[in-house]
Amino acid sequence: MVDNPYLAHLPPSQRGAGPSYSSSSEKEPLFGFLPRKVKGEQVRKAMEHQLNPFTKLPHSAQYRKILEARRALPVYSQMDEFLEIFSKNQIIVMVGETGSGKTTQIPQFVTYSDLPHTKGKLVACTQPRRVAAMSVAQRVADEMDVQLGKQVGYSIRFEDMTEAGTTFLKYMTDGMLLREAMNDKELSRYSTIILDEAHERTLATDILMGLLKNLAKRRKDLKIIVMSATLDAVKFQKYFSLHDTAAGEETSPAPLFKVPGRTHPVEIFYTQEPEPDYVEAAIRTVLMIHRAEDPGDILLFLTGEEEIEDACRKIKLEADDLLNTDPSSVGPLMCVPLYSSLPPQQQQRIFDAAPKPSQEGYPPGRKVVVSTNIAETSLTIDGIVYVVDPGFSKQKVYNPRIRVESLLVSPISKASAQQRAGRAGRTRPGKCFRLYTEKDFISELEEQTHPEILRSNLANAVLELAKLGIKDLVRFDYLDAPAPETLMRALELLNYLAALDDEGELTALGGVMAEFPLDPQLAKMLIVSPEFKVSNEILTITAMLSIPNVWLRPPNQRAAADQAKAMLTVPEGDHLTMLNVFNNYSQNKHDRNWAWNNFLSARALAQAENVRAQLLRTMEKYDIDVISLEDEKKRNLGIRQALTCGFFMHVAHKEGEKGSYLTVKDNQVVALHPSCGLDSQPEWVLFNEFVLTKRPYIRTVTEVKPEWLLEYAPVYFDLASFPEGETKSALQRVANKRRGISNGGGEETRPKKKHKKEKN
DNA sequence: GAGCACTGC
């Protein structure tokens, strides 16, 4: 053994025990560690060692201070038990309630036992959210006394904070690991994979669970830990049960490792009768707490922006009234809205301190945060003592029959209600006021929120699975299998886009489509766009369609905002308007006020730029030319034609004169969304999305020519199998005209439709 | 003449 060069510059007193062969453990903190057979005793000794085993540098004072705090975590006292289970099993299910320390500690315990750095492997820990991956990685880097991005790092979209060959513990988003799996089906870089927050059941985590369950059979050296906060662990245990039928072993559930949480008790109150108007009841409850309860901040859960802003106004009004009437018995109240589309600066207001008493000796002030579900998982606010839970949230639902995802205000699940209540007990004992009866809680609320995989359009997920080499998507071993109709819809769409062939096999085109972090329609349109010599423009449009709405419309400046929008509008269609907005933004980027003056979200535009750059890199990787047409007329035409190649299933035909449209094949009656910039009502339009709000609308709309539909999507627009109706007659007329021009030649050369399931 | 629950690649 050679003296560690890193220590040469340190005085001997700090170099550890000095060169000695008598006791290797003095110089080598991991001396005697056998991978995956490590005992708690050994780990604790290594943690207390003078040298950091991974950097061979002396531990800092900061490290020792943090270690002290770590020892107090519930999970720390179960280290021996964990290491034993880890040694003996390939797959482990772990349950740790909030405050158990599982997210920071378990991956470290795993590292000490698995010793990934000795075999050139990594330990991965997935998170559903980017911020969590980043902040936990930073925390763990501090705990392990290493620099973030070296031994401990993170990987999220747009940001890879890892160093090849150095990083052995990596926090990452679940979606990122899924992406990696598409290019390395064995996930061979990893020795242990930890899926954290599995109870949230994101689409990516659900797919990863299916993949890992399979992968574990092929890669016996891969260990898997599924971590969850709620007690639906039995379901995970069953799913990951070990059964080796060849060996004739009995099926036994995956082992469970359980750690208690550490939170304060929260007293739950229910209403005696159901509340007919939950917003009104919520406001009443907040004011009741303000008048009658001890100091402490309030968190109220509502469903959306409008509801929240409205409630904030009303609460503020009433609270000011109370303060004016009786300043000696009621303190001032501050009401803060919280939802995701709020600019980050305004989101920060939730961390402001509650107001001071109106006069010395008078009651202290109180803060009320009125929030969407964002405060249920993504953001924690310290100092909350009271939670008001009306029992509703907006949830995504997918209707495969009409192929529409929409948001519906729906009752929350018991798990969700529990999570909300828990928000009151983070700093001290709290109270939770549920605006529904205990009977309804017990008998009406579902145990768990439906996993995302059951509530989503799966076109994207199915393409990913195909890319992952999953042959039989219908019989894939899902933790919860999606509705067959949802899968059929996805397969059908991918077949029409030529991403899957008629046998359901991934085509070469489909393989490239899957490489793009985009919906299949967008990916298809981008890949074919060089054929129309407009890929530079389609690239921009694709980026703009992948980001949130860029248009701002402050309530008191609506007219000015609409006027600014009109200045940027291109009459041929909203897609071209988006392109125009981005190009103007690019040209004016050095003018900080340009976006603001034009009522555009600078944040969203910067995001579009980021997405565009990422897509451009993927295009370059697959040699997809980025080209443009000089002539504006030809260019715009080419753009609209390229759009058609991706969105031919999103076409509507005008019916009658009242501006109503019928979607092609589905025959849904839809209207142009009021945000639409088309100055006329063209006969044929292509739309980016169908939204179901107060009425069915089509949003982001561009005029197309029916000839293009027949030419670029002959399979989908095969008239022989087209549903009867006005749309078909109109298409028939176009087809007849074309046939006349082309002397009856065209139809036979087009591919024939083989097997399609058309449901009415 | 409407909207944007929340994430993620």
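Side chains are part of it too, since the values below use all heavy atoms of this structure and drop only hydrogens, waters and symmetry mates. Chain A is the first sequence line, chain B the second, and so forth, proteins listed ahead of strands; every chain is numbered from 1.
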What does [X] touch in the nucleic acid at a heavy-atom separation under 4.0 angstrom: a base, only the sugar-phosphate, or nothing?
X: A:Tyr697; value: sugar-phosphate
X: A:Thr303; value: sugar-phosphate
X: A:Arg201; value: nothing
X: A:Glu305; value: base
X: A:Ser340; value: sugar-phosphate
X: A:Asn549; value: base
X: A:Ile156; value: sugar-phosphate
X: A:Leu407; value: base
X: A:Arg695; value: nothing
X: A:Arg129; value: sugar-phosphate

Can you tell me if A:Thr202 touches the phosphate of B:dT7, counting only side-chain N or O atoms and a distance under 4.0 Å to OP1 or OP2?
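No, because none of the side-chain N or O atoms of A:Thr202 sits under 4.0 Å from OP1 or OP2 of B:dT7.
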What residues form a ring-ring contact (aromatic ring centres under 6.0 Å, His included) with A:Phe687, not counting sequence neighbours?
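For A:Phe687 the ring-ring contact (aromatic ring centres under 6.0 Å, His included) partners, ignoring immediate neighbours, are A:His650.
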For A:Tyr239, ring-ring contact (aromatic ring centres under 6.0 Å, His included) partners two or more places apart
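None.
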Please test A:Asp310 against A:Arg313 for salt bridge (Lys or Arg N to Asp or Glu O under 4.0 Å), starting from the C-alpha separation and ending with a verdict.
CA-CA 5 Å; A:Asp310 199 43; A:Arg313 267 192 301 276; 3.4 Å; yes
Near DNA chain B, under 4.0 Å by heavy atom, which residues of residues 560-571 of chain A?
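Nothing qualifies; none.
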What's the closest nucleotide to the side chain of A:Arg699 if the choices are B:dC4, B:dC9, B:dA2?
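That would be B:dC4.
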Can you pull out every side-chain hydrogen bond (donor to acceptor under 3.5 Å, both in side chains) where at least one residue sits in residues 195-209 of chain A? Sequence neighbours excluded, please.
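Listed by first then second residue: A:Thr103-A:Asp196, A:Gln127-A:Asp196, A:Arg129-A:Glu200, A:Asp174-A:Thr202, A:Asp174-A:Thr205, A:Arg201-A:Asp206, A:Arg201-A:Asp480, A:Thr202-A:Thr205.
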Please set out all donor-acceptor pairs under 3.5 angstrom arising from side-chain atoms of residues 516-529 of chain A, sequence neighbours excluded.
| from | atom 1 | to | atom 2 | distance (Å) |
| --- | --- | --- | --- | --- |
| A:Asp519 | OD1 | A:Asn460 | ND2 | 3.1 |
| A:Lys524 | NZ | A:Leu497 | O | 3.1 |
| A:Ser529 | OG | A:Leu526 | O | 2.6 |

Can you list the residues that meet the side chain to side chain donor-acceptor pair (under 3.5 Å) rule with A:Glu447, with sequence neighbours excluded?
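A:Lys414.
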